[in-house]
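Some notes on the structure that comes next.
Throughout, protein chains are lettered first and strands after them, A, B, ... in sequence-line order, and every chain is numbered starting at 1.
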Amino acid sequence: MKKEFKIRANEFKGPINLSLTINSGQTSQPSWIKKDGYFRELISVDGKPCLIKITQKGDNPENPLEVMAQSINDLKVDAIKGQIMEIFGLNHDLDKLYDFLRNDPKLEPTINFCKGLRLFKAHDIFECLISSISSANCSILRWNRSIRDIKRKWGDEYKFSREPFYTFPSPQILATLPEHDLEEMQRCEDDLPENFVFDNNLQACGVGYRAKYIINASRMVQDEINLEKLGKMKYDKAFNTILQIPGVGPKVADCILLYGYGFGEAFPVDLWIKRIICKLYFDGEDIPVPKIRSFGIERFGEYAGYVQLYLFHYARKSGLLERLKP
DNA sequence: TTCCAGGTAGTCG
DNA sequence: CGACTACCTGGA
C-alpha cells in the first residue's frame, strides 16, 4: 500500500517548521534521517508498521507538509494523518503559546528564534522510555547510535526499498538480553572460535552502565508498570509512578512524560536549563535542580514543556548557551 | 596519557 | 533532607 497526501495550513494551528522541529535535538527519539529531500522513519499506525516520508517545501512555516506513506498493511489516510498530527504536535495552538510567551519579557525573545518549532512526540512509548534512560549521557550522538544499534540487533526488519528500517524491540526481548560481553560468553555452551566477537549484548551498544537499568526497566514494564495506563493518569501521579523505574530520575521522568505522553506541564531540567533559568530568573544565583523544576512548573503551567524547548533552542542560537559555559 | 561530561543511585551524616 | 561520589564511554 502506498499513499500520498498533504497536510495544509488550515489543518494545523499556527506555524510549523518541520526541519527545525525534527533537528532541534529534542530527546527521546533519534532524529529522522533525511534522504532525497524527505525525512524518513518507520512508525506504527494502528499497531502496524508504516514507513513515513515527509517534507515541507520552502521556508514558509505556513507551507503544507507533504507525506508519502508505505505499508504492507492497508492503512487509511486518516489514521496515518492523525498519527502525524500527533507526532509533530500539529494539534498544539502555537498562536496561543506565543501570546503566553509575549507576556513574559524573558520569554518574548524566544519567539523569533523558534517560529514553528513544535514538541516532537515519540512514536513508540517503550522506545521513548529506553532512549530517555540512555540519554542520561553526555552526547546526543552517542545515545542516538545506541538506540540505532539496539533496533538493528533486536528489532524487526522492514524493507521498502534498498535500505532496511527496524522497529524497536519489545520489553520481552530487552528483558532477557545479556548485560555485557562476559554474561553473553557465559551463556554460550558451545565451543566458539578463538576470536569470536561478543556483540550481542546491551553494553556492546555503548550504553555503558545503563545496560543494567535498561534490562531492569524492561522487566518492570513487563510485569509491574503498565505504560498504557500511565498516559491516563494525572501528571503528578504519572511522575511518581515512573520514578520507580530503574534509571529514571526526575529529569528522565519529565522527558518521558513530555515527549512520550504529551504532558505539556512537564518541565525537564537538565544542566543547561538549570543554568538558563538561574541566569534569566535568579540573577545568576545557583539554585538546586529540584527548585528549578518546581519554579518552572508553577510559573509556566501548561506551557512548561514548550518553555523548556524554546528556552534551550533560543539559548543555543542567541549565544547565551556559550556564555553560560563554566 | 589522564580527565571530563551527563543524570541516576547509592552512601554518608 | 543535602552533599558527595561511582558508574561507563568516547572525545579533548
Q: List the steps and the verdict of side chain to side chain contact (heavy atoms under 4.5 Å, CB included) for Lys13(A) and Leu94(A).
A: CA-CA 6 Å; Lys13(A) 296 169 181 168; Leu94(A) 283 208; over 6 Å; no
Near DNA chain B, counting only heavy atoms under 4.0 Å, which residues of [range] show up?
{"range": "residues 278-299 of chain A", "value": "none"}
{"range": "residues 127-135 of chain A", "value": "none"}
{"range": "residues 265-276 of chain A", "value": "Asp270(A), Leu271(A), Trp272(A)"}

Determine all donor-acceptor pairs shorter than 3.5 Å in which one atom belongs to a side chain in residues 34-54 of chain A; sequence neighbours excluded.
none

Q | Range on DNA chain B touched by chain A - first to last nucleotide, heavy-atom distance under 4.0 Å | A | dA5(B) to dA9(B)
(Q) With a sphere of 6.0 Å drawn around CG of Asp95(A), does it hold more than 12 non-hydrogen atoms of other residues, nucleotides or ligands? (A) yes
(Q) With a sphere of 6.0 Å drawn around CD1 of Ile33(A), does it hold more than 12 non-hydrogen atoms of other residues, nucleotides or ligands? (A) no
Q) Do Asp99(A) and Lys96(A) sit within salt-bridge range, that is, some charged N less than 4.0 Å from a carboxylate O? A) no
To check you understand the geometry: which heavy-atom pair defines the closest contact between [X] and [Y], and what is its length?
{"X": "Leu324(A)", "Y": "Lys279(A)", "answer": "CD2-CB, 3.8 Å"}
{"X": "Ile133(A)", "Y": "Ala217(A)", "answer": "CD1-CB, 3.8 Å"}
{"X": "Lys274(A)", "Y": "Ile287(A)", "answer": "NZ-O, 3.1 Å"}

Q.
According to side-chain hydrogen bond (donor to acceptor under 3.5 Å, both in side chains), who are the partners of Asn10(A), at least two apart in sequence or on a separate chain?
A. none
Q: Only counting residues at least two apart or in another chain, list the ones meeting side-chain hydrogen bond (donor to acceptor under 3.5 Å, both in side chains) with Tyr310(A).
A: Tyr98(A)
Distance-only criterion, 3.5 Å: show the donor-acceptor pairs between side-chain atoms of residues 204-216 of chain A and protein atoms not counting sequence neighbours.
unit_1: Arg210(A); atom_1: NE; unit_2: Ala136(A); atom_2: O; d: 2.9
unit_1: Arg210(A); atom_1: NH1; unit_2: Val207(A); atom_2: O; d: 2.8
unit_1: Arg210(A); atom_1: NH2; unit_2: Ala136(A); atom_2: O; d: 2.9
unit_1: Lys212(A); atom_1: NZ; unit_2: Glu179(A); atom_2: OE2; d: 3.4
unit_1: Asn216(A); atom_1: OD1; unit_2: Arg219(A); atom_2: NH1; d: 3.3
unit_1: Asn216(A); atom_1: ND2; unit_2: Lys212(A); atom_2: O; d: 3.4

(Q) Taking any heavy-atom pair under 4.0 Å as a contact, classify Leu243(A): base, sugar-phosphate, or nothing. (A) nothing
Q.
Using the rule given for salt bridge (Lys or Arg N to Asp or Glu O under 4.0 Å), can you reason through Arg152(A) versus Asp149(A), listing the C-alpha separation, both sets of side-chain angles and the distance that settles it, and then say yes or no?
A. CA-CA 5 Å; Arg152(A) 213 184 36 225; Asp149(A) 283 358; 3.3 Å; yes
Q) Once each nucleotide of nucleotides 6-12 of chain C is scored for protein heavy atoms under 4.0 Å, what B/S/- sequence comes out, 5' to 3'? A) -BBBS--
List the atom pairs, donor and acceptor, that lie under 3.5 Å between side-chain atoms in residues 162-169 of chain A and the rest of the protein, sequence neighbours left out.
unit_1: Glu163(A); atom_1: OE1; unit_2: Ser161(A); atom_2: OG; d: 3.2
unit_1: Tyr166(A); atom_1: OH; unit_2: Glu157(A); atom_2: OE1; d: 3.1
unit_1: Thr167(A); atom_1: OG1; unit_2: Asp156(A); atom_2: N; d: 2.9

(Q) Would you call the rings of Phe300(A) and Phe100(A) parallel, tilted or perpendicular, taking 30° and 60° as the class edges? (A) perpendicular
Q: Check each of Ile22(A), Leu20(A), Thr21(A) against Leu18(A) using the side chain to side chain contact (heavy atoms under 4.5 Å, CB included) test, and report the only one that passes.
A: Ile22(A)
Q.
Need the bend value for the helix from dT2(B)-dA12(C) to dG13(B)-dC1(C): angle between end axes, 5 pairs each end, nearest 10°.
A. 50°
Q) Can you check whether Arg8(A)'s main-chain N or O pairs, donor with acceptor, with Glu11(A)'s side chain at less than 3.5 Å? A) yes
Q) What ring pair (Phe, Tyr, Trp, His ring centres under 6.0 Å) pairs are there with at least one residue in residues 65-92 of chain A, not counting sequence neighbours? A) Trp32(A)-Phe88(A), Phe88(A)-Phe120(A), His92(A)-Tyr306(A)
